[in-house]
Amino acid sequence: MAVKGVNNSYVFYEKSHSRGKVSGNSFSGKLTKAQSQSEDKKAEDNMADKGMTPENGPMSTEEIMKMIGSRKNEILEKVKKGETEPVIQIGAQAYTEKQWKRMMESFDESEKDIADQIKEALEEARKQRAKGEV
């Protein structure tokens, strides 16, 4: 049994075992499983040619390259039309200017709320001390 690899350039051969039956967890068992998956893939490709592609099934390299190409074209069109937004990189995070402004406004509001709560707590503590001294 031979299993062909990527672009048919690599060929793996099953070694004959003198012990009899080959277990499913062995290398040859994995090759057999890979061969059956490639046959399933061929059947799916035939379905794709007929317009019956399963939605969540594995995609061929050609389909992936088409998707990448179309996404590149979309981005190129946005750049040409000036519809892209500058991005602010903060460590591992990146924000557009709109997202950055929204986040900063939210942060400022939270900071103001915390400052107000601290002021109220200090006033309450002053009142308690004033009651205790009188």
Side-chain angles (χ1 to χ4, degrees):
M1 174 184 85
V3 177
K4 294 184 179 181
V6 178
N7 294 331
N8 299 330
S9 60
Y10 299 106
V11 179
F12 300 99
Y13 292 96
E14 179 181 9
K15 291 183 178 180
S16 61
H17 297 281
S18 60
R19 293 184 212 149
K21 191 172 182 178
V22 177
S23 70
N25 293 331
S26 70
F27 181 69
S28 61
K30 291 178 184 176
L31 288 178
T32 305
K33 183 177 177 184
Q35 183 181 19
S36 67
Q37 287 176 346
S38 75
E39 291 171 359
D40 292 343
K41 178 68 176 143
K42 286 179 185 177
E44 288 177 10
D45 289 344
N46 289 337
M47 288 174 56
D49 292 342
K50 296 176 184 177
M52 300 184 304
T53 305
E55 292 183 24
N56 295 331
M59 298 174 66
S60 69
T61 305
E62 186 177 317
E63 292 172 328
I64 293 171
M65 295 306 288
K66 284 180 183 177
M67 286 181 60
I68 291 171
S70 67
R71 182 66 177 143
K72 285 169 65 175
N73 289 335
E74 288 176 23
I75 292 170
L76 181 63
E77 288 300 316
K78 280 186 174 184
V79 169
K80 285 180 181 177
K81 292 179 182 177
E83 296 175 351
T84 59
E85 295 183 48
V87 176
I88 300 168
Q89 186 77 36
I90 305 295
Q93 298 288 336
Y95 300 96
T96 63
E97 286 187 4
K98 283 183 183 178
Q99 292 171 330
W100 180 255
K101 286 179 183 176
R102 220 176 302 135
M103 185 188 69
M104 292 307 293
E105 288 172 1
S106 173
F107 180 80
D108 290 343
E109 289 173 9
S110 299
E111 193 175 35
K112 184 180 177 188
D113 290 343
I114 291 171
D116 290 343
Q117 289 175 0
I118 291 172
K119 285 179 185 177
E120 289 175 11
L122 287 174
E123 289 176 14
E124 189 71 31
R126 287 184 190 136
K127 288 179 184 177
Q128 292 295 329
R129 271 191 252 134
K131 286 183 182 178
E133 292 177 4
V134 176

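All values reported here derive from a predicted model rather than from experimental measurement. All values below come from the heavy atoms of this structure, side chains included, with hydrogens, waters and symmetry mates left out.
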(request) Sorted by first residue and then second, give each side chain to side chain donor-acceptor pair (under 3.5 Å) pair with at least one member in residues 69-82; sequence neighbours left out. (result) Arg71-Glu74
(request) Any side chain to side chain donor-acceptor pair (under 3.5 Å) involving residues 113-123? Give me the pairs, sequence neighbours left out, ordered by first then second residue. (result) none
(request) Flag yes if Met104 and Ile90 sit in one hydrophobic cluster, no otherwise; membership is Ile, Leu, Val, Met, Phe, Trp, Tyr, and two members link when side-chain heavy atoms are under 4.5 Å apart. (result) yes
Residues in side-chain contact (heavy atoms from CB on, under 4.5 Å) with [X], at least two apart?
X      : value
Met67  : Met59
Glu111 : Phe107, Asp108
Lys98  : Glu85, Thr96, Arg102

Filter on ring pair (Phe, Tyr, Trp, His ring centres under 6.0 Å), then keep only pairs touching [range], sequence neighbours left out; what's left?
range          : result
residues 65-84 : none
residues 73-97 : Tyr95-Trp100
residues 62-93 : none

(request) Sequence neighbours left out, what passes salt bridge (Lys or Arg N to Asp or Glu O under 4.0 Å) with Glu62? Give chain and number order. (result) Lys66
(request) Would you please name every residue forming a salt bridge (Lys or Arg N to Asp or Glu O under 4.0 Å) with Lys101, sequence neighbours left out? (result) none
(message) Would the distance check show the side chain of Glu63 and the main-chain N or O of Ser60 forming a donor-acceptor pair, the cut-off being under 3.5 Å?
(response) yes
(message) Please check this pair: side chain of Gln89 against backbone of Gln93, looking for a donor-acceptor N/O pair closer than 3.5 Å.
(response) yes
(message) Please check if the number of heavy atoms outside Met65 that lie under 6.0 Å from its CE is greater than 12.
(response) no
(message) Through direct or indirect side-chain contacts below 4.5 angstrom among Ile, Leu, Val, Met, Phe, Trp and Tyr, which residues connect to Ile114?
(response) Ile118, Leu122
